[in-house]
Amino acid sequence: ATDAWTLADPSRSQIGNVFLGSRSVSLPNGQVMLTGNYCCTGTECHIYDPATDTFYPCQSMLEHRLQHTLTVLNDGTVLAAGGGTLNPSSLISNTAELFVPNNGSSNPYVDGTWVALPNMSYGHFDHDAVLLTGGPNAGNVLICSGLDGSTFPGSYVWTSVCNV
């Protein structure tokens with residue numbers, strides 16, 4: 001066997017756009033979520049299914065995002081945080097939203113929904129997000145680094161206090 005690159009979903013029939021500034025994350029069911037975009041609405045969300053080599057559209061994010069973070073939480077939900085926006089009054093986002101899979105569906109991530117979360121104190125652009133796996137903050141997400149437009153905004157820990 002020879003190592004090689006193969007184009008995923010060569011027809012790109014469901015995806016159509018260039019995803020500059022997008023983010024992707026592996027999901028617990030083996031699929032991949034791809035979100036955000038510099039052009040168009042920037043709220044795009046697609047699920048890539050490697051079993052069928054196909055991108056499927058799913059519900060759009062609530063806000064435009066690029067250079068944001070995606071983190072899969074222990075319960076299979078996906079946290080999208082910060083990033084850039086096309087809003088002239090606030091080019092760097094302090095917002096977050098949670099993707100909740102529809103576990104009653106045969107394709108829970110394609111049929112899932114986005115839910116708004118409380119805002120961070122500062123915007124974060126081109127930052128990092130890490131799911132904490134040990135200690136008293138296990139299961140929470142550390143948002144760190146990046147820019148807020150003029151300074152380095154510091155770090156935050158996302159703590160889920162309710163079942164969304």
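These numbers come from the heavy atoms of this one structure, side chains and all, not from hydrogens, waters or symmetry mates.
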**Smallest separation among heavy atoms of C58 and Y109, with atom names** = CB-O, 3.8 Å
**Message:** Could you walk me through whether L98 and L73 satisfy the side-chain contact (heavy atoms from CB on, under 4.5 Å) test, starting with their C-alpha distance in whole Å, then the side-chain angles of each, then the deciding distance to 0.1 Å, before giving a yes or no?
**Reply:** CA-CA 10 Å; L98 190 69; L73 305 181; 3.7 Å; yes
**Item:** Separation of T85 OG1 from Q67 CD (nearest 0.5 Å)
**Value:** 13.0 Å
**Fill in**
Nearest heavy-atom approach of V72 to S26 is CG2-O, 3.3 Å
**Request:** Compute whether any side-chain donor of one residue and acceptor of the other, for T52 and Y56, lie under 3.5 angstrom apart.
**Result:** yes
**Exercise: identify the closest heavy-atom pair between H127 and I143** = CD2-CG2, 3.7 Å
**Prompt:** With sequence neighbours excluded, what pairs up with E97 under the side chain to side chain contact (heavy atoms under 4.5 Å, CB included) test?
**Reply:** M61, L62, E63, R65, A80, W114
**Request:** Please check if any side-chain donor atom of S93 sits under 3.5 Å from a side-chain acceptor atom of H68, or the reverse.
**Result:** no
**Message:** As an exercise, state the distance from CG of L142 to CG of N137, rounded to the nearest 0.5 Å.
**Reply:** 9.0 Å
**Request:** Name all pairs fulfilling the salt bridge (charged side-chain N to carboxylate O under 4.0 Å, His left out) condition that reach into residues 130-146, sequence neighbours left out, sorted by first residue then second.
**Result:** none
**Derivation and outcome, side-chain contact (heavy atoms from CB on, under 4.5 Å), residues L70 and L79** = CA-CA 6 Å; L70 291 177; L79 174 67; over 6 Å; no
**Prompt:** Side chains of L66 and F125: closer than 4.5 Å at any heavy-atom pair?
**Reply:** yes
**Request:** Could you tell me whether the side chain of N94 and the main chain of M120 form a donor-acceptor pair under 3.5 Å?
**Result:** yes
**Request:** Please round to the nearest 0.5 Å and tell me the distance separating atom CG of N107 and atom CG of N102.
**Result:** 9.5 Å
**Message:** Distance alone, cut at 3.5 Å: any donor-acceptor contact between the side chains of D53 and Y48?
**Reply:** yes
**Asked** Hey, what do you get for CG (L117) to OG1 (T95), rounding to the nearest 0.5 Å?
**Response** 9.0 Å
**Prompt:** Which pair of non-hydrogen atoms, one from A129 and one from T71, has the smallest distance, and what is that distance?
**Reply:** CB-OG1, 3.3 Å
**Request:** Flag the pair D128 and R23 as a salt bridge only when some basic side-chain nitrogen lies within less than 4.0 angstrom of an acidic carboxylate oxygen.
**Result:** no
**Complete:** Of all heavy-atom pairs linking G36 and S22, the shortest is O-CB, 3.3 Å
**Request:** State which residues pass side chain to side chain contact (heavy atoms under 4.5 Å, CB included) with S24; sequence neighbours excluded, sorted by chain then number.
**Result:** V32, L34
**Complete:** Shortest non-hydrogen pair, G30 vs P50, comes out as O-CG, 3.4 Å
**Message:** Let me confirm one number: the CG-CG distance from L131 to N140, rounded to the nearest 0.5 Å.
**Reply:** 8.5 Å
**Prompt:** How about T77 and D75: does a side-chain donor come under 3.5 Å of a side-chain acceptor?
**Reply:** yes
**Request:** Please assess C45 against Q59 for the test side-chain contact (heavy atoms from CB on, under 4.5 Å), listing each intermediate value before the final yes or no.
**Result:** CA-CA 6 Å; C45 181; Q59 183 187 28; over 6 Å; no
**Prompt:** Roughly how far apart are D49 CG and Q31 CD, rounded to 0.5 Å?
**Reply:** 4.5 Å
